[in-house]
Amino acid sequence: MNPDTSQYKHASREFHPADTVIELLGADGKPAVIGGDYCAVIAGPCSVENREQITGIAAAVKKAGAVFLRGGAFKPRTSPYSFQGMGKEGLEYLLYAKKETGLPVITEITEISQIVLFNNVDIIQVGARNMQNFALLKELGRIHKPILLKRGHASTMTELLLAAEHIMTGGNDRIILCERGIRSFDNYARNILDLAIIPALKQKSHLPVIVDPSHATGLSRMVPAMAKAAIAAGADGLMIEVHNDPHKALCDGEQSLTPEAFAILMDSLQKYTELAGKKLGIK
Ligand code: PEP
Ligand code: MN
């Protein structure tokens, strides 16, 4: 047995050769799918800022072809002086946008005590800063919701897979892995997008792998090229930050696409997904 994969027997392809496919009820009664033959796009603002903002962005990204809506309510910010997110109120607005558009929603959890608030959230995100919050991972292993697990800023592939394993040992096997850029010596971009981890993860694991080109680059002008590259490299999906007025965004405006730029990107992604032999997330 390969000594590496034996460390993560639930996440390993060795013990589960078939791709894990995560399927949820999507907008207009159609299944929203990530994994296998489906490449789904998750889009929305970094943070929920008010009800009109999240509802308007939700309608725009849905029209452009996004299958899931994102929006942070509990924000783990590097600085205590930055906007910390709207918390519970933000979650309520996100769920309002879900009701209005039918898009399933994904939002970040930062503490175990928040789990009770996430009943109507479709996918729970564990951010880069919490990838090794083992108490949180273990608790998420006990619930029946897909988890989007983002790679830590300086975590190896094995550490990411072992973090997934912490959730899976509790019985929750619906994990989506997310590459969102790692720390390096160069600062021309916010992070360095490690595209090679896509085929590497897909060889080691059956779990779907998505890419977040927004946090990986930190600059909206770089997002379209990296989104296309991620799909060409075999990603099962993308998470893209979209804001109605990026200059005024309370968080991550510099890396956010306008709804118009997002729609143009979505049109151009069609041919990349076809070349990769995948469909764009809706069954
Ligand atoms: C986010 O998705 O807004 C976020 C905080 O991402 P990360 O954990 O990758 O920094
Ligand atoms: Mn963000």
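Just so it is clear, the structure is predicted and the values come from calculations on it, not from any experiment. In each ligand, atom 1 is the first atom listed, and ligand 1 is the first ligand listed.
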Of all the atoms in ligand 1, which lie at a distance below 4.0 Å from a heavy atom belonging to Gly127? 8 (O)
Tell me whether ligand 1 is touched by Gln125 - counting only heavy atoms on the residue side and a distance under 4.0 Å. yes
Subset of ligand 1 atoms that lie under 4.0 Å from at least one heavy atom of Lys75: 1 (C), 3 (O), 5 (C)
Does Gly72 come within less than 4.0 angstrom of ligand 1, counting non-hydrogen atoms of the residue? no
Test of proximity, His153 against ligand 1: N or O pairs below 3.5 Å: no
Before accepting this row, confirm whether a basic side-chain N of the pair Asp252/Arg77 lies closer than 4.0 Å to the acidic partner's carboxylate O. no
Hey, which atoms in ligand 1 end up nearer than 4.0 Å to a heavy atom of Glu241? 3 (O)
Could you find the nearest protein heavy atom to atom 8 (O) of ligand 1 and give me its residue, atom name and distance? Ala128 N, 2.7 Å
Short list, please: which atoms of ligand 1 are under 4.0 Å from a heavy atom of Cys46? 3 (O)
Flag for Arg13-Gln203: side-chain donor and acceptor within less than 3.5 Å: no
Can you list the atoms of ligand 1 that are under 4.0 Å from a heavy atom of Arg180? 7 (P), 9 (O), 10 (O)
So is Asp212 polar-close to ligand 1, meaning N/O to N/O under 3.5 Å? no
Just wondering, more than 12 heavy atoms not from Gln84 lying within 6.0 Å of its CD? yes
Is there a path of hydrophobic side-chain contacts, each under 4.5 Å between heavy atoms of I/L/V/M/F/W/Y residues, joining Ile175 to Ile112? yes
Arg180/Asp194 salt bridge by N-O under 4.0 Å criterion: no
Are the side chain of Asn130 and the backbone N or O of Asn133 linked by a donor-acceptor pair below 3.5 Å? no
Please output the side-chain donor-acceptor pairs of residues 275-283 that fall under 3.5 Å, not counting sequence neighbours, one pair per line with the distance.
residue : atom : partner : partner atom : Å
Lys278  : NZ   : Gly36   : O            : 3.2
Lys278  : NZ   : Asp236  : OD1          : 2.4
Lys283  : NZ   : Glu23   : OE1          : 2.8

Taking distance alone, with no angle check, do Lys150 and ligand 1 share an N/O pair under 3.5 Å? yes
With distance as the sole criterion, is a donor-acceptor pair present between the side chains of Ser47 and Glu49 under 3.5 Å? no
Between Asp212 and Lys150, does any NZ, NE, NH1 or NH2 come within less than 4.0 Å of an OD or OE carboxylate oxygen? yes
Tell me whether Arg70 has any N or O atom under 3.5 angstrom from an N or O of ligand 1. yes
Polar atom proximity, Met239 to ligand 1 (N or O, under 3.5 Å): no
Taking atom 5 (C) of ligand 1 as the point of reference, which of Arg190, Glu108, Arg77 owns the nearest heavy atom? Glu108
Donor + acceptor pair across side chains of Glu165, Thr169 (<3.5 Å): no
Going by an N to O cut-off under 4.0 Å, is there a salt bridge joining Glu241 and Arg70? yes
Would you say Ile176 and Ile106 are hydrophobically clustered, going by side-chain heavy atoms of ILVMFWY under 4.5 Å? yes
In this structure, atom 4 (C) of ligand 1 is nearest to the protein heavy atom His215 NE2, 3.5 Å
Please check if any side-chain donor atom of Glu89 sits under 3.5 Å from a side-chain acceptor atom of Tyr93, or the reverse. yes
What protein N/O/S atoms are there under 2.8 Å from the Mn ion (ligand 2), waters excluded? Cys46 SG, His215 NE2, Glu241 OE2, Asp252 OD2
